[in-house]
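Before any comments, here is the structure.
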Amino acid sequence: MINITFPDNTIKSFEEYPNAMDVARSISEGFARNCVAAEINDDLCDLSCEIKQDSRLKFITVKDDAAVEILRHSAAHVMAEAVQNLYKDAKLTIGPVVEDGFYYDIDMESVSEDDFPKIESEMKKIIKAKKPFTRINVTKDQALELFKDNPYKIELIQGLEDQQISLYRQGEFTDLCRGPHIPHTGMIKGVKLMKVSGAYWRADQTKAQLQRLYGTAFFDKKELKKYLHIMEEAKKRDHRKLGIKLDLYSFHKEAAGMPFFHAKGMDMWNALLAYWRDVHRAAGYVETKTPVMLNRKLWEQSGHWENYRENMYTSVVDEEEYAIKPMNCPGGMLLYKTKSHSYRELPLRAGEIGLVHRHELSGALSGLFRVRAFHQDDAHIFMTPDQIEEEILGVLKLANKIYSKFGLGFHLELSTRPKKSIGTDAQWKEATDGLENALKKYGQEYFINEGDGAFYGPKIDIHIKDAIGRTWQCGTIQLDMALPMRFDLTYTGKDNEKHRPVMIHRVIYGSIERFFGILVEHFAGKFPLWLAPVQAVILPINDALAPYGEKIKQELESSGLRCEIDTRTESLKKKIREAQLNYIPLIITMGEKEKTSSTLSVRTLDGKVRMGISMEDFLKPVFKHIRLRSLEEKIL
RNA sequence: GCCCAUGUAGCUCAGGCGGUAGAGCGCUUCCUUGGUAAGGAAGAGGUUCACCGGUUCGAAUCCGGUCAUGGGCUCCA
């Protein structure tokens, strides 16, 4: 007799060895139909898995997050079979589940999206056949024999430590796989191929070029539809399209990867930086500036010449070699050294909006997200070792304050000592503990990336989450144990001796260009009033009112509002539509009534219109909203 | 940097199996002078289809190269 214990601690007994599916059926047929896999004593396995001893059992049903991953893994097998059926020479390699779907890397002739319908319809055939997934255990030798025509699988099998190897079969198709899988292919209700691209075997450029076919799958067709809809929405928000439509910036082949900011983009940029300067001044930072181009000798001293040279632009001036800065820190070191420092001055927080250039691979460039020239909202904080915790905590709080201003959530990651690194164990421990204690004190959950720190010190990365749930690394706080040493930075302590300060580099916006792009997508172009490139537009109802409109425009501008006027001989309806589509927060229509009564009629983006407001009643709430840099949609 | 795809008017895109280029939006002008999400008409715009070269009587179309963009790989703020 076998006793099965469920998560709620109820126990059910079985006379013979049941498999998980039998147990599910014993609860109810309907429940069993929604089961995807099982966890037997915390081990994830198929429903067909036989239970031969008393066990704890938890079912994974279609409602669990883990279930969709299993489904997608199974869908990858279905896609592999479909491809195999259509392209006899295709050699399968690996097919993992990724965020939002799955892919399979296949050594085959190159395919394009035009080939998708044919592959999809082959997949649908397999799905319709409701082929059961069956697990087969074989020895390593048997597996090698079975896949003898596929060098990739051979390599994978040889890399496996177990002598027992599991395969999964659906119908005629068999693939090497750890599992688990859904009971049968019929559970894949919504499936779609998304894109295709090249990828190298084992991500190694010297190895074979494979076709990577991406797809996604859901238990429900509606879920797929919803997902495709979100993708569409994301596409509409794409800052490469939206920002250009809104006349914020542009890209030109004459300077690939180096964005051009237009007047409206600069208005936003300046608003962003004005905010940054306000909060940094309040947090005890000073602002500095260092040159863009510095002598090679400095980069040799900092170590960049040795470690970062392939990313640096260089030039020769008066027969001396110079490099355009890829980072601000070496310049910051020179600033620190312009005078002697006392412990009384520490922590010294020196901010710098620094323009850096990095020669990124041409294929890596992407809109504002990945560029070759960008500004960092950098700061170097020099301090005594016992100030680490407090200072890191201060940066975390500042970051939280800034991201919250935009309604962006975030999560934290701590990266620890990598294999290749400088410094002693004791130094690393002190530094890492400092970061970790600050994180603990800060109180928000954080992840640890073991060995992912910089060679010169541990770091905290801040990943923000935008309005549609995508995450981006923006902020980073890096402790640097190398530069203070290389540049022999010192301060005089209480004991009147020279000491080495601890230094951190930190950014919060990160790359201002990238952050800008994230904001465009986060707000989908509908910026809060304080950021909006055009805050108000005046629409005279007819040509005769244009001069009066100009007068009002000047009045608003002189109070500090970013304002435009649309005097085209177009219908009011059309002007309103355009203003609305350009997300101008305050749309001011101007007719005879307004002129004679000296009032304003204001339409906001929610479509609401308020007529007959006095200038004072308009300006007061508007400037309050701007001064608070409010995220509220309601302005008036 | 590598692989694949793309590159036609300011924008979005159609066309083109080789015979010399189109639409909508935008822009200009005119009519309309309009009260809260597209009023109407006419016109200008491509040094001729990213750039360079080749094949050809003839190339936007075919071929090769370059550049840029997009999707990936890699890397990263």
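As the structure is a prediction and not an experimental result, all values here were calculated from the model. By convention in this document, chain letters (A, B, ...) are assigned in the order of the sequence lines, proteins followed by strands, and residues within each chain are numbered from 1.
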Does B:rG39 have its OP1 or OP2 closer than 4.0 Å to a side-chain nitrogen or oxygen of A:S571?
yes

Given the C1' atoms of B:rC52 and B:rA9, what is the spacing between them in whole Å?
23 Å

More 5' along RNA chain B: A:I576 or A:F251, using each one's nearest nucleotide?
A:I576

Test for a donor-acceptor pair under 3.5 Å between the base of B:rC27 and the side chain of A:R568, counting only N and O atoms.
no

Does A:E592 or A:L210 map to a spot on RNA chain B nearer the 5' end, using the closest nucleotide for each?
A:L210

Between the base of B:rC73 and the side chain of A:R212, is there any donor-acceptor pair under 3.5 Å?
no

Whether the side chain of A:E570 and the base of B:rG40 hold a donor-acceptor pair under 3.5 Å is what I'd like checked.
no

Over all strands shown, is A:E360 touching base, sugar-phosphate only, or nothing at heavy-atom distances under 4.0 angstrom?
base

Does the side chain of A:K195 get closer than 4.0 angstrom to OP1 or OP2 of B:rG72 through an N or O atom?
yes

If you compare every side-chain N and O of A:R240 against the phosphate oxygens of B:rG70 (OP1, OP2), does one of them come in below 4.0 Å?
yes

Can you measure from OG1 (A:T471) to NE2 (A:H411) and round to the nearest 0.5 angstrom?
6.0 Å

Let me know the distance between CE of A:M312 and P of B:rA77, rounded to the nearest Å.
16 Å

Can you tell me how far the CD1 atom of A:I448 sits from the CD atom of A:E413, to the nearest 0.5 Å?
10.5 Å

Between A:M327 and A:R358, which heavy-atom pair has the shortest distance, and what is it?
CG-NH2, 3.7 Å

Can you measure A:E310 atom CD to B:rG1 atom P for me and round it to whole angstrom units?
14 Å

Which whole-number value in Å describes the distance from A:R372 CZ to B:rG1 P?
6 Å

Answer yes or no: does a side-chain N or O of A:S362 lie under 4.0 Å from OP1 or OP2 of B:rG1?
yes

Heavy-atom distance under 4.5 Å between the side chains of A:T216 and A:R72, does that happen here?
yes

Let me confirm one number: the CG-CD1 distance from A:L368 to A:I518, rounded to the nearest 0.5 Å.
10.0 Å

